[in-house]
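Structure first, then comments.
The chains referred to below are lettered A, B, ... by the order of the sequence lines, with proteins before strands, and numbering in each begins at 1.
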Amino acid sequence: MARLAVQGLRKSYGKVEALKGVDLDIAEGEFCVFVGPSGCGKSTLLRSIAGLEEIDSGTIAIDGNVVNTLRPRDRNIAMVFQNYALYPYLSVFENIAFGLRARKVPDAEIRSRVANAAEMLGIEALLERMPRQLSGGQRQRVAIGRAVVRDALLFLFDEPLSNLDAQLRDGMRAEIKRLHQEIGKTTIYVTHDQIEAMTLADRIVLLRDGIIEQQGAPLDLFERPATRFVAGFLGSPQMNFVATHLDYVDGALTLIFDEGRRLPLDPARAAAFDKYRSRDVILGVRPEHIARANGGAPRKPADAPLNALIDLVQPTGTRTYAQFRLNETEITVELPSHTVERPGTTIELLFDMSRVILIDPQTQHVIPG
Amino acid sequence: MSADGPRRFKTATAGRALLALAVTALFLFPVYWLFVMSIKTPEEVFATPPVWWPAEISLENFAVLFRDGDVRAIWNSAIVAGVSTVIAMFLGTIAAYSIARYRTGGDHLAIWIISQRMIPPIAIVFPIFLAFALIGLNDTYLGLIALYTAFNLPYVIWMMRGYVEDVPLELEESALVDGLDRWQTLLKVVFPMMRTGLFATSVFTFIFAWNEFIFALILTRTEVITFPVQVSHYFGPQQIFWAKIGAMSVLGTLPVFFTVAMAQKLLVRGISMGAVKG
Ligand SMILES: Nc1ncnc2c1ncn2[C@@H]1O[C@H](COP(=O)(O)OP(=O)(O)OP(=O)(O)O)[C@@H](O)[C@H]1O
Ligand SMILES: [Mg+2]
């Protein structure tokens with residue numbers, strides 16, 4: 001168990017600046033997920049923490065001790081790699097025991113610790129096999145076993161599930177979370193899959209172009225994104241973004257669209273947006289925050305109606321995704337199945353204006369309020 | 001389908017087998033002849049028509065080699081080839097590791113190294129002879145070992161660089177995180193991962209040194225005469241010692257032959273592995 005503190009971390013590969021000043025504090029026992037698009041620096045940050053990359057400047061401290069100059073082996077970290085990194089010439093048992101043998105742990109203790117780890121991961125029956133005789137999922141379990149068997153301060157995972165097929169991935173994801181609950185070790189997990197990030201993390205660190213765009217609890221980031229990038233990155237299907245204009249109509253702050261369509265802001269939030277009146281803004285709304293109006297049923301005060309000509313319908317079974325155009329932009333709406341059957345129908349939608357966000361087009365920051 | 005389908009197939013197979021047999025015989029004949037010569041009596045060696053198989057297997061030719069001390073040449077070759085192979089493999093492999101993993105020498109060092117191998121030996125044999133004479137290395141183990149090591153290094157570096165590049169970096173990084181240092185990683189991860197490559201390269205390095213003739217001929221006199229040089233001495237100005245040629249050649253070929261035969265599977269895999277990359 002350990003705390004990790006990173007300050008002002010910078011790292012370049014030649015001319016490419018992979019990390020441009022990262023500050024990070026991870027608490028004892030926390031499950032922290034680094035997420036972000038490809039090339040944003042997740043692996044570089046993780047590998048710097050492990051000591052596999054030399055950093056240009058900044059400090060990395062584990063439990064208050066600066067480890068910048070320590071070799072990987074002296075940082076007492078366990079790491080699981082994307083391609084499992086099993087030694088093909090060693091049995092599963094020896095693979096798991098590798099780190100213990102490297103640290104001269106006595107034989108008897110190695111046997112009991114490997115047995116423990118194997119039981120935890122349900123791979124007792126595989127210990128005598130060679131890695132090539134294992135399936136992808138089994139290999140990943142062995143790789144995880146090799147990490148948990150060590151009494152390391154920190155667990156690092158670099159996209160451990162990205163080579164598994166979707167079904168296996170869901171199972172292993174749950175298992176990793178359960179493992180963390182059992183062992184309680186400080187864990188850093190890299191992924192570019194936002195669902196993995198949301199489901200696993202105590203804290204998400206969202207990276208973009210070598211800097212931390214935003215960090216916090218998953219639902220915090222999901223419900224209160226600081227920038228358009230964060231809002232767009234988390235959530236599936238993605239949040240819709242529409243360029244529009246904000247102004248007073250009949251004394252109420254209202255978003256004005258083409259074809260005379262309007263969405264009045266939630267009166268409870270409107271005051272915060274007053275300084276953006278008569279200006280262009282970007283509306284951000286998640287597909288699940290738009291519903292079909294239900295005849296004359298009573299509405300919540302924040303619900304605002306809008307007519308939409310549906311041009312695409314994608315049923316997924318449990319839900320149906322429908323699309324329509326608003327200010328030249330395709331907007332996706334998530335509706336219960338059978339709400340719309342075919343494209344070409346015009347329906348009345350209700351926007352939950354208490355959940356939408358407004359974005360400043362210049363800064364791309366979410367306008368607080 | 002038709003009943004003669006299998007039969008035609010059989011004929012074709014038999015034909016192919018026959019052809020293979022003929023080609024094999026053609027290539028094996030000199031080996032066979034050498035071997036038979038080594039167990040013949042002097043009369044049988046020169047008999048016409050030729051004796052295909054001696055009436056009695058005579059080991060006298062080998063006994064003579066031992067009596068006259070000629071076998072010392074085999075021992076010399078073993079020392080020179082063995083020691084120079086071990087040194088070249090060690091230095092070459094760590095150099096290859098450095099080039100592959102740390103980009104030592106940039107893009108050009110590797111090419112420069114292999115270009116050393118392209119010099120025709122005859123062009124440098126006399127300068128080396130003179131240099132060796134100056135520092136007293138002619139006709140010494142040290143001289144030949146140093147020379148063969150230098151000669152084999154480019155080949156070892158070139159081959160081993162390919163094998164190192166085939167070892168996934170993640171395996172090494174995993175070992176580093178798990179508690180090994182660089183040297184231990186090299187020993188416990190990189191070497192086992194490329195053991196076929198190490199073996200194949202060693203065999204070729206050893207065979208080169210074992211068979212090398214020109215340098216050995218010019219740089220040795222009496223003390224470290226190697227096996228090929230010794231055989232060449234049997235082609236005298238007045239007389240050719242066929243029986244000794246046969247026996248010595250068999251003695252000199254057997255060790256290499258058995259190593260390669262036993263390791264054939266490993267070797268083929270090692271060679272083709274290197275062929276993919278590097
Ligand atoms: N060894 C290297 N040499 C040169 N550039 C590198 C090296 N490793 C990474 N980079 C660059 O640094 C940046 C960050 O790379 P990094 O591997 O950390 O991204 P990532 O977020 O892990 O991406 P992915 O999701 O694709 O794994 C990228 O622009 C990448 O091209
Ligand atoms: Mg990565």
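- Looking at A:Arg101, neither its backbone nor its side chain comes within 4.5 Å of chain B, counting heavy atoms on both sides.
- With B:Val177 as the partner, the side chain to side chain contact (heavy atoms under 4.5 Å, CB included) test is satisfied by one option alone out of A:Val80, A:Leu52, A:Asn76, A:Leu156: A:Leu52.
- Counting only heavy atoms from C-beta outward, the side chains of B:Val189 and A:Phe98 approach each other to under 4.5 Å.
- With a threshold of 4.5 angstrom between heavy atoms, A:Leu90 does not approach chain B through any atom at all.
- Within 6.0 Å of atom CD in A:Glu182, more than 12 heavy atoms from other residues, nucleotides or ligands are found, so the atom counts as buried in its surroundings.
- In terms of heavy atoms, B:Ser174 sits closest to A:Ala85 at CB-CB, 4.0 Å.
- Judged by distance alone, the side chain of A:Arg103 and the main-chain N or O of B:Asp178 form a donor-acceptor pair under 3.5 Å.
- Judged by distance alone, with hydrogens and angles left aside, the side-chain atoms of A:Tyr87 form a donor-acceptor pair with the main-chain N or O of B:Ala175 at under 3.5 Å.
- For CZ of B:Phe208, the number of neighbouring non-hydrogen atoms (other residues, nucleotides, ligands) closer than 6.0 Å is greater than 12.
- Within 6.0 Å of the CD atom in A:Glu109, the count of heavy atoms belonging to other residues, nucleotides or ligands exceeds 12.
- Residue B:Glu172 does not touch chain A at all, counting heavy-atom pairs closer than 4.5 Å.
- At most 12 heavy atoms of other shown residues, nucleotides or ligands fall within 6.0 angstrom of atom CZ in B:Phe27.
- Per-residue heavy-atom pair counts under 4.5 Å with chain B were compared for A:Gln82, A:Arg47, A:Arg73, and the maximum is reached by A:Arg73.
- Residue contact with chain B, scored on non-hydrogen atoms closer than 4.5 Å, involves the backbone and the side chain of A:Ile77 alike.
- From B:Leu171, atom CG reaches atom OH of A:Tyr89 across 7.0 Å, with rounding to the nearest 0.5 Å.
- For the options A:Arg150, A:Arg71, A:Met79, heavy-atom pairs under 4.5 Å to chain B are most numerous at A:Arg150.
- Side-chain atoms of B:Glu170 come within 3.5 Å of backbone atoms of A:Asn83 as a donor-acceptor pair (strictly under, hydrogens ignored).
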